[in-house]
There are 2 protein chains.
Amino acid sequence: MRMAELSARSGVPTATIKFYLREGLLPPGERLSATQAAYGEEHLRRLSLVRALIQVGRMPVATAREVLAAVDDETLDQHNRLGVAAWALPSPAPGLAAGEDDEAARTARRAVGTLMAELGWEEFGPGSPAYETLVGAVAALARLGYPCDAARLTRFARVAEELARTDLDLLEELESTAEQVEASVALTVLHEPVLLCLRRLAQAEESARRFPAPPERRAGPG
Amino acid sequence: MRMAELSARSGVPTATIKFYLREGLLPPGERLSATQAAYGEEHLRRLSLVRALIQVGRMPVATAREVLAAVDDETLDQHNRLGVAAWALPSPAPGLAAGEDDEAARTARRAVGTLMAELGWEEFGPGSPAYETLVGAVAALARLGYPCDAARLTRFARVAEELARTDLDLLEELESTAEQVEASVALTVLHEPVLLCLRRLAQAEESARRFPAPPERRAGPG
DNA sequence: GTCGATTGGAGAGTGGCACTATCCAATAAT
DNA sequence: ATTATTGGATAGTGCCACTCTCCAATCGAC
């Protein structure tokens, strides 16, 4: 398959594919001659993954390169490959991670620390992108007057555990470590919109249930 | 409070506040003279909300203006104010909403339709941002070979319901409709990073549990 | 073989968008 | 009176994903 076909099958313009090749997001095709290269199904797949990371995950190109490097790094054992990839994934809400150090931030940090201790979570501690962004989000909520105390955080954490089990179940069905690492990245990113969209739909339902529409006044004069 | 103080207390540069005023994201302050205006606590609060929508929710300025217009629209009843605000919120993953119409997309649309029917969800049907983005996300998963079938979607949907109940419980504690609409928007946006970060932390834990690190070989020669 | 079309590669350019720097006249502070 | 500050308007900046343009090598049709 040459670039034109890769472009046609993926729906990505050739100019963009060239750009990804240049940026190292896509491995070069097999060189057939000085000006020809052949791409395989693995390029098509990688291209889909790149698009998912960048367009769905809103990941900067440089970050996507790091994540993919971890996915491809055969020298690491499975545990670390999964870990490096997960660590490199950008936080869901940049701009929260480096929040100010006010009262709200300190309270939030304490609350998150307590939660982690209670749950016994210690893989990703303070300093990890996810942890710091979580602190920032809880602080932002506090500043607007919406408390996110231990009880509420715990409720969210239980839900998160359920989601994590769902993803890991799917991961375990795969055979090779390479497949699992790629799946880990893809599912982390692509399940996010699934979850968030369903949450919004569920909110609309629950909202309509609790705050029903008033009886319709058809064609009323205002 | 004048602009300098508003800036100091919010941490937002005055140039940016001026920009928000110009764009209609922030109502003008009370005019004291031709060149002076006073801002109140409500401006500080609105400014925090604007920052949350734009920086945390990654919402375009124009969209934030629409959402805030719905929040402020006193002419609508509560049901519709909540609905308009929710509809205007941008989808969590733009670029998925307008996916191609291939086999994966059709299958995804069918799966989502079935799910909605089974759950009896009908507030936001096809055409709504959340619904269309969900279809796009399921299709993207299918193209990468990760099925998101009815069973898995249902599992996610149950989780989403739980989350929605959590948010609505908090909403019902508020007194005025105005507060509730604002809270609805703020919680929809700000709980997203909380949930997503906790999910990533949970994934790391679960992953470490299922794929433990191999016994450390300290200072090994490679 | 020859010649137009296509390919891959490299660099500069474009567009969108959130912000920001610069001015300016009017007013507040001293 | 004089200097600093404020609010307002306008134009500019920086970032970043992408896209355009050009070029030489090569492929394919005749």
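Every chain is numbered from 1, with letters handed out A, B, ... down the list of sequences. Below, each value reflects all heavy atoms present in this structure, side chains not excepted, and no hydrogens, waters or symmetry copies.
Side-chain polar atoms of B:Arg200 and A:Tyr131 form no donor-acceptor pair below 3.5 angstrom. No hydrogens or angles considered: nothing links the side chains of A:Ser48 and B:Arg143 as a donor-acceptor pair under 3.5 Å.
We find that CD1 of B:Ile17 is positioned 13 Å from C1' of C:dT20, with the value rounded to whole Å. Remark: C1' of D:dT19 and CE of A:Met3 are 14 Å apart, rounded to the nearest angstrom. As rounded to whole Å, 13 Å separates atom C1' of D:dT10 from atom CZ of B:Phe19.
For D:dG7, its base never sits under 3.5 Å from the side chain of B:Arg22 at any donor and acceptor pair.
Side chains of B:Tyr146 and A:His191 form no contact here, defined as non-hydrogen atoms less than 4.5 Å apart.
Across D:dG7, C:dG8, C:dA18, the shortest atom-to-atom separation from the side chain of A:Arg2 is found for C:dG8.
Between A:Ile54 and B:Lys18, the residue anchored nearer the 5' end of DNA chain D, judged by the nucleotide with its closest heavy atom, is B:Lys18.
For the OP1/OP2 pair of D:dA17 and a distance below 4.0 Å, the side-chain nitrogens and oxygens of A:Tyr20 include no atom meeting the criterion. The side chain of A:Thr16 contributes an N or O atom lying less than 4.0 Å from OP1 or OP2 of D:dT19. Regarding contacts with the backbone of C:dA28, every side-chain N or O of B:Thr35 stays at 4.0 angstrom or more from both OP1 and OP2. Proximity of B:Arg31 to the phosphate of D:dG8: a side-chain N or O atom is located under 4.0 Å from OP1 or OP2. Listed pair A:Gln36 / D:dG28 fails the phosphate criterion, with no side-chain N or O lying under 4.0 Å from OP1 or OP2.
Residue-level contact check: B:Gln55 touches the backbone only, with heavy atoms under 4.0 Å from sugar-phosphate atoms and none from bases. Using a 4.0 Å heavy-atom criterion, one finds that B:Ala15 contacts the bases of the nucleic acid, with or without backbone contacts as well. Using a 4.0 Å heavy-atom distance criterion, B:Glu23 is classed as making no nucleic acid contact.
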